[in-house]
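Each remark here refers to the structure printed beneath this line.
Because only heavy atoms are used, hydrogens play no part in the values below, and waters and symmetry mates are left out as well, while side chains stay in. Being a predicted model, the structure only gives us computed values, none of them experimental.
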Amino acid sequence: MTTPPRSPRSPARPRTKSAPRRQDDPADIPGSAARLAALRMIDAVLRRGDPLDQAAPPLLRPVPRADDRALAQAIAHETLRWLGDLDALIDSATQLILPDDAKARSVLRLMLVQVLRLGLPPHAVIATGLPLLTGGPRRLAHGVFSAILNRSDPAATLPPAPTLPPVVAARWSFAWPDRIAAISAGLADPPPLDLTLADPAQTAHWAEALGGVSLMPGHVRLARGQAVDALPGYGEGAWWVQDLAAAIPARLIGAPPHAGARALDLGAAPGGKTLQLAAAGWAVTALDRSPRRLERLHENLARTGLAADVVAADALAWEPNTRFDAILIDAPCSATGTCRRHPDVLHRSPALDDLVQLQAEMLRRAAGWLNPGGRLVYAVCSLEPAEGEERAHLFAGALMPDPIAPDELPAGLSPDAHGWLRTDPGMLADAGGLDGFFAARWRA
């Protein structure tokens with residue numbers, strides 16, 4: 001097509017210069033914003049050591065669609081879950097040595113995990129992933145990605161269970177030599193959705209209404225991926241989300257010995273254990289040092305119609321004006337037992353020395369706040385013996401042992417020789433597993 005000559009009476013307008021914009025800017029490509037957010041979330045964990053649930057909110061704000069935000073979180077979680085195995089795949093497909101923090105490696109990780117774990121089509125992954133790179137790194141990533149997927153059986157390129165980071169594997173192999181393989185296998189998939197019921201007598205009703213299964217009275221387990229606030233019973237406060245293992249410590253407190261019996265929940269936020277104690281009839285004082293996290297507790301109390309005296313204070317400085325018939329310490333810890341749902345904990349170094357000192361002081365102080373005959377339950381969502389078994393051994397002489405009985409636990413779990421409970425992600429595998437927890441109990 002020939003361009004007609006410009007009329008001399010229509011002089012050309014001067015052109016306004018503007019900053020050039022890359023044709024493949026990720027912001028302009030549908031779906032790439034989610035991948036960019038995932039990339040930055042992973043970077044926040046691996047470079048800065050940030051917890052993923054703290055790093056995610058500001059990084060997800062630029063992503064407009066709710067389903068893209070959910071995808072970004074799924075990509076980040078699964079990349080961190082399978083990080084070592086994704087790196088092994090990448091290294092097997094190139095002779096170049098890519099540093100751990102090379103952007104090409106970072107983008108390849110999230111591209112591969114979308115195909116191999118999330119089941120997304122390769123062409124969509126290429127279209128949304130490669131724009132995160134330019135030049136040589138982009139060509140390298142495309143080549144490595146294609147080489148891996150062109151193998152005879154791409155679905156078999158990841159092992160059945162994730163490979164633990166070397167430091168974690170060494171620590172847990174020493175602590176749990178007979179359990180390390182099962183723990184790793186238990187990390188392969190995100191956990192199901194566990195609900196704790198306000199009224200355990202309604203277990204059969206809610207299991208049927210929700211289409212779930214129950215592993216113990218007052219518990220219903222559903223498939224993951226549910227929209228929680230759309231489920232029956234949410235609006236009326238009939239239940240709350242709480243992992244099966246996380247629900248056991250409050251159960252070990254038992255029923256109130258008399259009307260008006262007082263229970264203290266130390267480390268109460270976000271509130272599952274407080275709700276359990278209140279639903280069981282205890283007059284609950286719920287203490288946590290984080291006002292922000294206590295906002296969630298207030299919301300849950302309002303939704304369920306349950307009551308508690310909520311206190312924002314440091315447990316090491318706070319002094320009660322009364323004694324308690326029961327105290328539940330959900331102590332600050334490394335949270336390594338939650339690695340199924342928070343795989344970022346596997347890539348952060350826990351400050352165990354500081355944590356165990358804090359746990360010891362909480363135990364010491366709480367023991368002095370019990371009425372005669374009162375119960376104390378100590379629990380941590382940790383797989384580190386220093387925070388669990390070793391902490392209980394060092395405290396053992398302060399109060400009378402109150403061993404946990406087998407019939408207080410879900411079928412398939414049992415207390416150890418000391419009457420303490422240890423769970424890990426490899427237990428109850430056929431039923432969907434559970435988090436890693438330690439719990440011990442004493443009486444004043």
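Among all heavy-atom pairs drawn from Ala55 and Ala44, the shortest one is CB-CB, 3.7 Å. Across every non-hydrogen atom of Leu132 and Ser32, the tightest pair is CD2-O, 4.4 Å. Smallest separation of non-hydrogen atoms from Ser414 and Leu421: O-CD1, 4.1 Å. For the pair Ala366 and Ile327, the tightest heavy-atom approach, listed with the atom from each and the gap, is O-CD1, 3.3 Å. Here the closest non-hydrogen pair linking Ala313 and Leu287 is O-CD2, 3.4 Å. Closest heavy-atom contact between Pro410 and Leu244: CG-CD1, 4.2 Å.
Rounding to the nearest 0.5 Å places CG of Leu346 at 8.5 Å from CG of Leu80. The CG atom of Leu355 sits 5.5 Å away from atom CD of Glu387, with the distance rounded to the nearest 0.5 Å. Taking OG1 of Thr423 as the start and CZ of Arg179 as the end, the distance is 10.0 Å to the nearest 0.5 Å.
Residues satisfying the side-chain hydrogen bond (donor to acceptor under 3.5 Å, both in side chains) criterion with Asp53, sequence neighbours excluded, are absent altogether.
For Arg224, the CZ atom sits in a packed shell: over 12 heavy atoms of surrounding residues, nucleotides or ligands are nearer than 6.0 Å. No more than 12 heavy atoms of other residues, nucleotides or ligands shown are found within 6.0 angstrom of CD on Glu208.
Under the 4.0 Å criterion applied to side-chain N and carboxylate O atoms, Asp435 and Arg341 are assigned as salt-bridge partners. A salt bridge between Asp265 and Lys273 is absent, with no side-chain N of the basic residue lying under 4.0 Å from a carboxylate O of the acidic one. A salt bridge does not link Arg296 to Glu299: none of the charged side-chain nitrogens sits closer than 4.0 Å to a carboxylate oxygen. Asp325 has no carboxylate O lying under 4.0 Å from a charged side-chain N of Arg262, or vice versa, which leaves the two without a salt bridge. The pair Asp100-Arg47 does not meet the salt-bridge criterion, since no charged nitrogen lies less than 4.0 angstrom from a carboxylate oxygen. Salt bridge annotation for Arg365-Glu319: present, with a cationic side-chain nitrogen under 4.0 angstrom from a carboxylate oxygen. No salt bridge links Asp85 with Arg109; every basic N to acidic carboxylate O contact stays at or beyond 4.0 Å.
Considering only heavy atoms from C-beta on, Arg441 stays 4.5 Å or farther from Tyr378 through its side chain. Counting heavy atoms from C-beta outward, Val228 and Trp239 have side chains that approach closer than 4.5 Å.
Ring geometry for Trp318 against Trp369 counts as perpendicular: the plane angle is over 60°, on a 0 to 90° scale with 30° as the lower cut. The aromatic rings of His77 and His342 lie tilted to each other, with the angle between the two planes from 30° to 60°.
When atom types are taken as modelled, the side chain of Arg35 and the backbone of Thr128 share no donor-acceptor pair closer than 3.5 angstrom.
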